[in-house]
Amino acid sequence: MSKIELFNDDCMKAMQSIQSDSIDLLLTDPPYNLGNFMKNRDTNLKKMRTNFFGDAGWDNLEFEEWKKTINSFFKEASRVMKIGGAAIVFMSAIKVETVIEIAESYGFYYKTTGIWHKLNPMPRNMNLHFVNSTESWIYFIYKKKTGTFNNQSKLIHDFVETSVVPLKEKKFGKHPTQKPECLMNHFIGLLSNEGDVVLDPFMGSGTTGVVAQQMNRDFIGIELDNEYYDIAKKRIDEYGNKT
Ligand SMILES: C[S@@+](CC[C@H](N)C(=O)[O-])C[C@H]1O[C@@H](n2cnc3c(N)ncnc32)[C@H](O)[C@@H]1O
């Protein structure tokens with residue numbers, strides 16, 4: 001059975017209690033610094049979504065403040081990573097370069113920037129402009145050039161295509177930027193092995209934790225917001241109770 005450790009706290013603080021050199025895979029989806037950008041655009045997002053992330057308060061830092069947060073995060077992440085451990089960090093395309101620069105300064109070896117394509121995005125303003133259907137992810141290895149890559153001799157593209165989150169994954173409540181379980185399954189399967197430790201310091205509704213358990217990995221998850229933490233805990237407990 002997987003070992004699970006969850007924190008309802010600021011990850012900059014909670015990560016300090018994680019043992020050094022203990023994480024095999026860091027799989028996380030931090031704030032993209034898009035809250036103010038989206039709020040200042042007439043996207044109609046607020047009217048279309050009750051839980052619009054621009055209003056949620058966790059992604060509205062000014063750029064320099066956000067950069068400082070990402071910097072503190074990678075500093076602490078570099079302490080807890082095992083040498084040769086992998087990291088996947090989801091990000092908005094316009095912030096990818098900033099994240100790479102910061103991560104490299106803490107010893108993360110940059111490998112790839114890939115794309116997640118949503119097959120059924122919300123067709124928001126589809127007659128006015130391109131429909132937003134992609135997010136980026138950045139792949140690093142800590143202090144080595146290669147790590148676990150369970151491709152079973154198959155060619156793996158840097159482009160992942162899935163549907164958006166199905167309703168059954170939202171039964172304990174909604175998170176505005178929830179990732180589908182099949183997406184996390186792709187990365188956990190490729191970049192870690194059974195018994196490894198997976199860390200998600202910005203776990204939101206706990207998707208990484210649910211999948212880590214399904215795949216027999218240990219999991220450490222951190223979430224600042226009480227409401228999202230409760231959703232994550234319920235989802236992760238539900239899986240644990242079934243096994
Ligand atoms: C993009 S969302 C993650 C969504 C997640 N991948 C899922 O599937 O639900 C980022 C999350 O980070 C949380 N967060 C922001 N700052 C944080 C911090 N300093 N420590 C811990 N969590 C934080 C936010 O509350 C938000 O839920």
Side-chain angles (χ1 to χ4, degrees), residues 1-9 11 14-15 17-30 73-74 76-91 108 111 114 116 135 137-142 147-152 156 160 162-166 168-173 175 177-225 228-243:
M1 212 170 143
S2 307
K3 214 174 118 207
I4 307 290
E5 213 178 334
L6 303 180
F7 299 83
N8 185 187
D9 208 342
C11 66
M15 282 172 77
S17 66
I18 301 175
Q19 208 185 312
S20 300
D21 192 17
S22 64
I23 302 299
D24 299 281
L25 172 62
L26 169 66
L27 174 54
T28 198
D29 180 19
F73 159 66
F74 272 105
E76 201 50 27
S78 66
R79 184 186 63 77
V80 302
M81 287 300 293
K82 282 188 189 166
I83 291 181
I88 294 283
V89 180
F90 286 90
M91 195 36 60
F108 286 82
K111 298 279 285 182
W116 169 41
E135 290 178 36
W137 44 268
I138 319 170
Y139 170 39
F140 303 95
I141 304 284
Y142 185 61
T148 300
F149 198 69
N150 298 320
N151 67 329
Q152 324 285 8
I156 310 290
V160 189
T162 79
S163 295
V164 298
V165 185
K168 67 174 183 335
E169 293 175 21
K170 295 185 172 181
K171 72 175 180 184
F172 292 114
H175 187 291
T177 65
Q178 189 169 331
K179 295 283 180 286
E181 291 175 15
C182 58
L183 180 64
M184 297 316 201
N185 179 291
H186 177 73
F187 291 114
I188 293 177
L190 266 177
L191 303 177
S192 69
N193 296 307
E194 288 200 3
D196 278 359
V197 185
V198 178
L199 168 67
D200 186 347
F202 299 93
M203 74 171 164
S205 66
T207 314
T208 310
V210 172
V211 180
Q213 276 193 107
Q214 289 166 356
M215 302 182 83
N216 298 319
R217 274 67 167 168
D218 291 345
F219 177 69
I220 304 175
I222 310 167
E223 170 56 47
L224 185 58
D225 182 277
Y228 300 148
Y229 176 83
D230 284 347
I231 298 174
K233 180 145 179 29
K234 283 184 187 146
R235 288 180 73 196
I236 292 168
D237 284 352
E238 185 195 45
Y239 186 82
N241 292 338
K242 273 192 215 149
T243 51

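Note that this is a predicted model, so its numbers are computed, not measured.
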Residues forming a side chain to side chain donor-acceptor pair (under 3.5 Å) with Lys3, sequence neighbours excluded: none
Do [X] and [Y] touch side chain to side chain, with heavy atoms closer than 4.5 Å?
X: Lys171; Y: Glu238; answer: yes
X: Gln213; Y: Met1; answer: no
X: Thr207; Y: Pro180; answer: no
X: Glu194; Y: Asp196; answer: no
X: Asp21; Y: Arg79; answer: no
X: Ile236; Y: Ile4; answer: yes
X: Met203; Y: Ile222; answer: no
X: Ile220; Y: Val197; answer: yes

Lys233 vs Phe172, side chain to side chain contact (heavy atoms under 4.5 Å, CB included): CA-CA, chis, key distance, verdict: CA-CA 10 Å; Lys233 180 145 179 29; Phe172 292 114; over 6 Å; no
Worked check of side chain to side chain contact (heavy atoms under 4.5 Å, CB included) between Lys111 and Ile138: CA-CA 8 Å; Lys111 298 279 285 182; Ile138 319 170; over 6 Å; no
By salt bridge (charged side-chain N to carboxylate O under 4.0 Å, His left out) - contacts of Asp230 (at least two apart): none
Any residue meeting salt bridge (charged side-chain N to carboxylate O under 4.0 Å, His left out) with Asp200, in chain and number order, not counting sequence neighbours: none
Non-neighbouring partners of Ser17 that pass side chain to side chain contact (heavy atoms under 4.5 Å, CB included), sequence neighbours left out: Phe7
How far does [atom1] of [X] sit from [atom2] of [Y], to the nearest 0.5 angstrom?
X: Asn216; Y: Ser2; atom1: CG; atom2: OG; value: 5.5 Å
X: Tyr142; Y: Ser78; atom1: OH; atom2: OG; value: 4.5 Å
X: Tyr228; Y: His175; atom1: OH; atom2: NE2; value: 5.0 Å

Worked verdict on Glu135 versus Met91 for side chain to side chain contact (heavy atoms under 4.5 Å, CB included): CA-CA 7 Å; Glu135 290 178 36; Met91 195 36 60; over 6 Å; no
For [X] against [Y], the heavy-atom pair lying closest together:
X: Ala77; Y: Leu26; answer: CB-CD2, 4.1 Å
X: Tyr139; Y: Ile88; answer: CB-CD1, 3.7 Å
X: Pro201; Y: Cys11; answer: O-CB, 3.3 Å

Chi angles and distances behind the side chain to side chain contact (heavy atoms under 4.5 Å, CB included) call for Leu199, Ile18: CA-CA 10 Å; Leu199 168 67; Ile18 301 175; 3.8 Å; yes
Donor-acceptor under 3.5 Å (Glu76 side chain, Ala14 main chain): no
Val211 backbone acceptor or donor facing Glu181 side chain under 3.5 Å: no
Derivation and outcome, salt bridge (Lys or Arg N to Asp or Glu O under 4.0 Å), residues Asp24 and Lys82: CA-CA 6 Å; Asp24 299 281; Lys82 282 188 189 166; 2.9 Å; yes
Aromatic plane relationship, Phe74 with Phe140 - under 30° parallel, 30 to 60° tilted, over 60° perpendicular: perpendicular
Aromatic ring pairing Phe90/Trp116, orientation class (parallel under 30°, perpendicular over 60°, tilted between): perpendicular
More than 12 heavy atoms from other groups under 6.0 Å of NZ on Lys179: yes
Phe219: ring-ring contact (aromatic ring centres under 6.0 Å, His included) partners, not counting sequence neighbours: none
Could you tabulate the donor-acceptor pairs under 3.5 Å formed by side-chain atoms of residues 182-193, not counting sequence neighbours?
unit_1: Ser192; atom_1: OG; unit_2: Ile188; atom_2: O; d: 2.7
unit_1: Ser192; atom_1: OG; unit_2: Arg217; atom_2: NE; d: 2.9
unit_1: Asn193; atom_1: OD1; unit_2: Asn150; atom_2: ND2; d: 3.1

